[in-house]
Amino acid sequence: MTQPDFAHRVLAWYDRHGRTQLPWQQDPTPYRVWVSEIMLQQTQVATVIPYYTRFMQRFPDINALANAPQDAVLQHWQGLGYYSRARNLHRAAQTIRDQHHGVFPQTLAAVEALSGIGRSTAGAILSLACGQAHAILDGNVKRVLARYHAVAGYPGQSAVQRQLWQYAEQHVPPSRNAAYTQAMMDMGATLCTRRKPACLLCPLQADCTAAKQGNPQDYPAPKPKKVLPEKQRFALVLRNPHGEIGLEKRPPSGIWGGLWSFPEYADEQAALHALHTDFADSPAKQPPMLKHLAPLSHTFSHYRLHLQPILVDLHMSDTRIMAADRWLWYNTTQAFSGGLSSAAQRLLKNLKEIT
DNA sequence: AACTCGGGGAC
DNA sequence: GTCCCAGAGTT
């Protein structure tokens with residue numbers, strides 16, 4: 001589809017289905033559009049409307065906002081969250097008062113220079129309020145474009161972001177830009193929704209790559225799970241001549257708090273040191289038998305644990321294992337009465353299989 | 001309980 | 001440049 005066709009279809013859809021009754025669309029001055037855009041960055045339209053109405057009553061123009069105490073501004077933001085945006089809004093109003101004679105600037109660069117306004121919000125304000133031909137790239141537009149062009153990858157990645165901006169610029173029509181900008185946001189909000197997009201009602205459906213592939217819901221790619229930190233730990237699996245296994249009660253807080261598990265160490269050296277000092281008698285005369293067992297991996301919400309178990313066959317059961325409430329010898333032929341860490345459960349199971 | 005949203009700030 | 005965060009709503 002040629003460039004004008006894309007915008008023409010979007011505009012034709014807007015003329016029939018676009019939103020025209022939103023409060024900031026009545027008398028869309030840069031100030032009114034600006035405030036709405038900042039509120040809409042964090043909150044959906046239905047929630048924003050009452051806040052917007054109250055805000056505009058209290059701060060009807062840039063100077064009213066600039067001259068208000070910050071407390072009053074924050075008070076009118078109470079419940080919207082992201083209070084730094086209210087502070088930025090307030091600061092930008094003062095910048096406009098002090099550096100632009102109280103008149104909202106009309107160039108993209110000057111608007112972008114204001115606190116809390118980036119490339120997309122600047123484009124939106126100048127498009128919606130002034131009819132200038134700028135692209136925007138908010139969450140709604142990202143979704144529409146990522147699907148239409150089947151842009152793979154998470155939009156947080158700079159390369160993906162760059163590609164989306166390029167498409168956004170490419171489709172910008174030379175005229176009716178305000179309607180086009182509003183239409184793209186409306187399409188993203190009402191048709192091209194994150195889940196269950198209404199492709200059958202979409203004016204772009206016939207040429208939308210993702211729709212043609214049948215997988216619009218796969219775009220844009222979700223934020224990648226952050227790579228969890230990996231922790232390597234060593235555990236002593238102590239076995240006495242009766243075949244009983246030494247278990248340690250973990251501290252009440254932290255991972256597996258209060259559960260029984262194998263004594264665990266940051267590295268092998270610490271494990272062996274503990275073995276000699278805490279558990280084995282006369283290591284020099286009769287060193288215990290050591291054997292590395294298959295390592296275990298366990299994923300927690302905030303890290304991945306790789307546990308290297310070291311099986312230790314002690315020559316005597318009377319080790320220096322002390323403090324009965326924190327230590328015990330477990331007879332593995334019996335059911336264990338108490339909480340076992342998942343690591344201990346798996347290790348005991350593995351142990352049964354190899355013996 | 002996980003995911004989302006544009007811009008700012010730390011690095 | 002890149003990563004992480006804010007915070008309430010939505011799913």
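Values below: all heavy atoms of this structure, side chains included; hydrogens, waters and symmetry mates excluded. To find a chain, count down the sequence lines: A is the first, B the second, and so on, and within it residues start at 1.
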Where the side chain of A/Ser158 is defined as all heavy atoms beyond and including C-beta, which of B/dG7, C/dT2, B/dT4 is the nearest nucleotide?
C/dT2

Proximity of A/His149 and A/His171 rings by center, below 6.0 Å:
yes

Heavy atoms only, 4.0 Å cut-off, all strands: where does A/Lys142 land among base, sugar-phosphate and nothing?
sugar-phosphate

Just the rounded figure in Å: distance from P of C/dC3 to CD of A/Gln161.
13 Å

For A/Arg233, check side-chain contact (heavy atoms from CB on, under 4.5 Å) against everything at least two apart and list the hits.
A/Glu264, A/Ala266, A/Leu305, A/Leu307

Is there any salt bridge (Lys or Arg N to Asp or Glu O under 4.0 Å) pair reaching into residues 101-110 of chain A, and which pairs are they, with sequence neighbours excluded?
none

What is the distance from CD1 of A/Ile136 to P of B/dG7, rounded to the nearest Å?
10 Å

Measuring only the C1' atom in each nucleotide, how far is C/dG9 from B/dG8? A whole number of Å is fine.
22 Å

Tell me, please, which residues at least two apart from A/Arg32 pass salt bridge (Lys or Arg N to Asp or Glu O under 4.0 Å).
none

Report the residues that fulfil salt bridge (Lys or Arg N to Asp or Glu O under 4.0 Å) with A/Glu248, sequence neighbours left out, ordered by chain and then residue number.
A/Arg326

Partners meeting side chain to side chain donor-acceptor pair (under 3.5 Å) with A/Tyr219 (sequence neighbours left out)
A/Gln213

Between the side chains of A/His134 and A/Gln132, does any donor sit under 3.5 Å from an acceptor?
yes

Please list, chain by chain and in numerical order, all residues satisfying side-chain contact (heavy atoms from CB on, under 4.5 Å) with A/Gln217, sequence neighbours excluded.
A/Asn215

For B/dC5, does either OP1 or OP2 sit under 4.0 Å from a side-chain N or O belonging to A/Arg143?
yes

Results of salt bridge (Lys or Arg N to Asp or Glu O under 4.0 Å) for A/Asp186 - residues two or more places apart only
A/Arg19

Partners meeting salt bridge (Lys or Arg N to Asp or Glu O under 4.0 Å) with A/Asp267 (sequence neighbours left out)
none

Could you check how far CD of A/Glu37 sits from C1' of B/dC5, rounded to whole Å?
12 Å

On DNA chain B, more 5' by nearest nucleotide between A/Ser120 and A/Pro222 is A/Pro222

Whole-Å gap separating P (B/dT4) and CG (A/Asn140)
13 Å

Scan nucleotides 7-11 of chain C against the protein and return all N/O pairs shorter than 3.5 Å with their distances rounded to 0.1 Å.
{"unit_1": "C/dG7", "atom_1": "OP1", "unit_2": "A/Tyr83", "atom_2": "N", "d": "3.1"}
{"unit_1": "C/dG7", "atom_1": "O5'", "unit_2": "A/Tyr82", "atom_2": "N", "d": "3.3"}
{"unit_1": "C/dG7", "atom_1": "N1", "unit_2": "A/Tyr82", "atom_2": "OH", "d": "2.7"}
{"unit_1": "C/dG7", "atom_1": "N2", "unit_2": "A/Tyr82", "atom_2": "OH", "d": "3.2"}
{"unit_1": "C/dT11", "atom_1": "O4'", "unit_2": "A/Arg195", "atom_2": "NH2", "d": "3.4"}
{"unit_1": "C/dT11", "atom_1": "O3'", "unit_2": "A/Arg195", "atom_2": "NE", "d": "3.4"}
{"unit_1": "C/dT11", "atom_1": "O3'", "unit_2": "A/Arg195", "atom_2": "NH2", "d": "2.1"}

From the set C/dT2, B/dT4, B/dG7, return the single nucleotide nearest to any side-chain atom of A/Thr121.
B/dG7

Identify the pairs formed between an N or O of the protein and an N or O of nucleotides 8-11 of chain B at a distance under 3.5 Å, and give each distance.
{"unit_1": "B/dG8", "atom_1": "OP1", "unit_2": "A/Gly116", "atom_2": "N", "d": "2.3"}

Pairs satisfying salt bridge (Lys or Arg N to Asp or Glu O under 4.0 Å), at least one member in residues 117-128 of chain A, at least two apart
A/Arg119-A/Glu169

Within residues 179-190 of chain A, residues whose heavy atoms come under 4.0 Å of DNA chain B
none

